[in-house]
Number of protein chains: 2
Amino acid sequence: MSCIKTIREKGLKLTLQRQLIVDAIHSTQEHLTSDQIIAYVQDRTPGINKSTVYRTLQLLEEAGCIYKSELGGQLIYHHNEEGHHHHLICRKCGRTIDCKDDIFRQFEKTLEDRYGFKATFNHMVISGLCTKCKRLS
Amino acid sequence: MSCIKTIREKGLKLTLQRQLIVDAIHSTQEHLTSDQIIAYVQDRTPGINKSTVYRTLQLLEEAGCIYKSELGGQLIYHHNEEGHHHHLICRKCGRTIDCKDDIFRQFEKTLEDRYGFKATFNHMVISGLCTKCKRLS
DNA sequence: ATCGGTTTTGCGAGAAAGTGCAATAACTAT
DNA sequence: ATAGTTATTGCACTTTCTCGCAAAACCGAT
């Protein structure tokens, strides 16, 4: 929850709107869609504009407090935490598994060796099946 | 350019609109945004509706003729070709490098071993720097 | 070549996301 | 505590994409 601190340090203003949006993002370990964030915020303080939410999400992303990913054509948001840089999402049960940054290390090397391509993986969200759901299918 | 054949085989009708959209997709090796496809089509036959383009793109995707990816929040389209299942896009020069399906083989194994997660990678678009641009930066 | 059934298109309307601008609220210095 | 400066919000509007429906086009059978 150092987002508030980051906002202050960047000389940005701490408004109720921003606090609520930061709250929403931290209210779960899962990823949230913009819809869900808007609902959370408007539920607690009706009248808050959607544009404000979109702009704040962009601002928080640029400040490094949250990050935005894409899953199934939808934009999803998650708070940023040290050490947990990528996510595996089960397409059956929806569970999120956090995984370490170094998971791509070997794969990056393969791309560099084979194609001379320097890939950069930031907060990747990978779709698939978790251990349980894999067994049941 | 077997899209036309696929359309016929599926009992779908071959309209001028669909031909133009297939043309657009095949006019380049690069990925196209919906904007670019709409422009291409309307340039050749003014009056063609955007909805038609969006619907046809979805139809072609479901028929397996093209695929849709996401890059930088934008949806991009590309024709489907045997053997070239993933793409590396240089974020500096924009060049597309096609790469083989098996590039993810090792990485999939790592995810399965470490997290018990069965990931599926379809037509991935990976952002990074190509050999030339990497050298210059 | 024409007819008729079915698909497809264009149109209007609408949701989702983003933007410019004037009014408002937050923070700083007094 | 107050005033002034600057950032932020809400509003209205634009853009991107989607959907239902009536009119038009396609294609196979005649």
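Below, read A as the first sequence line, B as the second, and so on, with proteins coming before strands; counting in each chain starts at 1. From a predicted model like this one, the values you see are computed outputs, not experimental measurements.
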| task | Return the set of residues passing ring-ring contact (aromatic ring centres under 6.0 Å, His included) with F121(B) (not counting sequence neighbours), or none when no residue passes. | result |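 For F121(B) the ring-ring contact (aromatic ring centres under 6.0 Å, His included) partners, ignoring immediate neighbours, are F104(B), F107(B).
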
Exercise for review: Could you pull out all residues at least two apart from L14(A) that satisfy side chain to side chain contact (heavy atoms under 4.5 Å, CB included)?
Suggested key: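 If we apply the side chain to side chain contact (heavy atoms under 4.5 Å, CB included) test to L14(A), skipping adjacent residues, the hits are I4(A), I7(A), R8(A), Q19(A).
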
Integer-rounded Å distance: [N] [atom2] and [X] [atom1]:
X      : N       : atom1 : atom2 : value
K50(B) : dG12(C) : NZ    : P     : 12 Å
E62(B) : dT7(C)  : CD    : C1'   : 15 Å
I4(A)  : dA26(C) : CD1   : P     : 14 Å
I21(B) : dT9(C)  : CD1   : P     : 7 Å
I48(B) : dT8(C)  : CD1   : P     : 15 Å
I7(B)  : dT7(C)  : CD1   : P     : 16 Å

Between protein and nucleotides 27-30 of chain C, what N or O pairs are separated by less than 3.5 Å?
{"residue": "dC27(C)", "atom": "OP1", "partner": "L14(A)", "partner atom": "N", "Å": "2.9"}

* Is there a chain of hydrophobic side chains (I, L, V, M, F, W, Y, each step under 4.5 Å between heavy atoms) that links I126(A) to L75(A)? ->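 As far as the 4.5 Å side-chain criterion goes, L75(A) and I126(A) are not connected within one cluster.
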
message: Students should find this one: the first and last nucleotides of DNA chain D, 5' to 3', lying under 4.0 Å from a heavy atom of chain B. What are they?
response: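 Here the contact window of chain B covers dT16(D) to dC27(D).
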
Please check if the distance between the ring centroids of Y67(B) and H87(B) is under 6.0 Å.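 Ring centres of H87(B) and Y67(B) closer than 6.0 Å.
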
* Looking at residues at least two apart in the chain, or sitting in another chain, which of them share a salt bridge (Lys or Arg N to Asp or Glu O under 4.0 Å) with E30(B)? ->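 E30(B) satisfies salt bridge (Lys or Arg N to Asp or Glu O under 4.0 Å) with no residue once adjacent residues are dropped.
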
Can you measure from OH (Y115(B)) to OG1 (T110(B)) and round to the nearest 0.5 angstrom?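 So the OH of Y115(B) and the OG1 of T110(B) are separated by 10.0 Å.
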
I'd like to know if the side chain of [X] reaches the main chain of [Y], judged simply by a donor and an acceptor atom lying under 3.5 Å from each other, with no hydrogens or angles considered.
X       : Y       : value
T15(A)  : R18(A)  : yes
E112(B) : K118(B) : no
E62(A)  : L59(A)  : no
K134(A) : G116(B) : yes

Closest nucleotide of DNA chain D for Q17(A) versus for I38(B): which of these residues is on the 5' side?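 This one resolves to Q17(A).
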
Between protein and nucleic acid, restricted to nucleotides 18-22 of chain C and to nitrogen or oxygen atoms under 3.5 Å apart, what atom pairs and distances do you find?
{"residue": "dT19(C)", "atom": "O4", "partner": "S51(A)", "partner atom": "OG", "Å": "3.1"}
{"residue": "dG20(C)", "atom": "O6", "partner": "R55(A)", "partner atom": "NH1", "Å": "3.2"}

Report task. Kindly assign one of parallel, tilted or perpendicular to the pair H31(B) and H78(B), based on the angle between their ring planes and the thresholds 30° and 60°. Result ->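 Plane angle between 30° and 60°, so tilted.
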
